[in-house]
Amino acid sequence: MRRLLPLSLGLLPLVACAPAPAQSQSLSQSQPASPAAVAAPADPSFRAAFAPGGVAWVSGGRACVARVPSYRVTCPNLPPAVDVGWNGGDAWAAVPGLGAVITLDRAAQTVQVGRVVALSNTRAYREDGTAVTYAGAAARGVIGAPSAAITGGDGQDYVLLGGKLLRVTDSAVLENGAGPYLRTTPTGAKSADVPGVTTDFGSYRLVGGELQRLDAAGGVVGRLPHGPGRVGLVSGNVVTVSPQGQVRAFSLDLRER
């Protein structure tokens, strides 16, 4: 337990903390048979966030972080979390049962923000779509609870809401019938049917039991066997994390570190 949690923490029933609906699928749900297959909806109990400092993730309510260069996993003793994010070099977890966001390592910090359902790198989004910064200040939000949020390559926030991809700053609908995953791109963000990340020099994705590297035209130029998980960029490396907490790091040409 992070030492700055409210003293009343022990009085809160942990079973009431997770707002996500019960899942009938296991965390090891099967991958699509091929890139063309229709992807299953993203599991709301497994999310990850990547930053130059490392990767943070939440799986089944347990939030963890692994920092460069060792990628040693730290999982503090917290009530069930629903999402993770990076801000100011710190990895944060959203703990709706406490109405707070809490750091996962380094200096212990707890900020009361209400019942949060999604985190980006800049703000926390509550159940009604209103948002606050990691300092607890009011920020622009959306109307309704987003299923996911991300800070894009342009520094702006994007959310998935009601099957649409929205840019938060002006509420513009960028995609209808959006996929269940959010990806950062150099100029913003986009949705996808499988986990991945898009860069200036191509993209990476987890699909069909593989980690794939694609060129700028979308052709597969590298692949290796890999189970379900999430993938992102961390300090020039391609990093993946599984629902079981296995962290792997690769060079840009998919040589494992």
Side-chain angles (χ1 to χ4, degrees), residues 1-21 42 44-51 53-65 74-152 155-162 166-171 182 184 189 230:
M1 192 70 65
R2 305 295 278 162
R3 64 179 179 273
L4 295 188
L5 294 181
L7 294 178
S8 59
L9 170 57
L11 301 179
L12 293 173
L14 300 186
V15 295
C17 293
S45 73
F46 176 44
R47 301 185 186 183
F50 301 83
V55 56
W57 66 96
V58 59
S59 182
R62 188 185 190 203
C64 303
V65 61
T74 299
C75 302
N77 184 22
L78 296 176
V82 295
D83 204 0
V84 289
W86 290 85
N87 180 267
D90 286 311
W92 296 79
V95 183
L98 300 179
V101 289
I102 302 169
T103 52
L104 294 176
D105 64 350
R106 305 205 311 181
Q109 300 178 63
T110 298
V111 181
Q112 298 298 322
V113 294
R115 291 186 62 86
V116 168
V117 296
L119 295 178
S120 71
N121 287 353
T122 66
R123 66 198 78 177
Y125 294 86
R126 302 187 185 102
E127 292 175 319
D128 61 359
T130 57
V132 294
T133 69
Y134 285 85
R140 184 179 178 89
V142 292
I143 299 175
S147 59
I150 200 169
T151 301
Q156 298 191 58
D157 268 20
Y158 298 81
V159 301
L160 291 177
L161 181 63
L166 278 69
R167 184 170 55 219
V168 174
T169 52
D170 56 3
S171 299
L182 278 177
T184 58
R230 301 290 184 266

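For the single chain, residues carry numbers from 1 onward in sequence order.
Of all heavy-atom pairs spanning L119 and W92, the tightest one is CD1-O, 3.9 Å. The heavy-atom pair separating T169 from Q156 by the smallest distance is OG1-OE1, 2.6 Å. Heavy-atom minimum distance, L104 versus A93: CD2-CB, 3.7 Å. Counting all heavy atoms, side chain and backbone alike, T184 lies closest to I150 at CG2-CD1, 3.3 Å. Residues G89 and R106 approach most closely at O-NH2, 3.0 Å, considering heavy atoms. The two residues V168 and G141 make their nearest non-hydrogen contact at CG1-O, 3.8 Å.
Side-chain atoms of R123 do not come within 3.5 Å of backbone N or O of D157 as any donor-acceptor pair. At distances below 3.5 Å, not a single donor-acceptor pair connects side-chain atoms of D128 with backbone N or O atoms of G144. Judged purely by atom type and a 3.5 angstrom limit, R115 uses its side chain to pair as donor or acceptor with the backbone of P96. With R126 contributing its side chain and V113 its backbone, the two residues share a donor-acceptor pair below 3.5 Å.
R62 CZ: 12 or fewer foreign heavy atoms inside a 6.0 Å radius.
Between the CG atom in L78 and the CG atom in L98 there is a gap of 8.0 Å [rounded to 0.5 Å]. Of the inter-residue distances, the one linking S120 atom OG with Y158 atom OH reads 12.0 Å to the nearest 0.5 angstrom. For the atom pair S45 OG and D83 CG, the distance stands at 11.5 Å (nearest 0.5 Å). Taken to the nearest 0.5 Å, the CD1 atom of I102 stands 13.0 Å off from the CG atom of D90.
Residues P76 and D105 are not in side-chain contact: their nearest non-hydrogen atoms beyond the backbone lie 4.5 Å or more apart. Residues W86 and V65 form a side-chain contact, since some pair of their non-hydrogen atoms from C-beta on lies under 4.5 Å apart.
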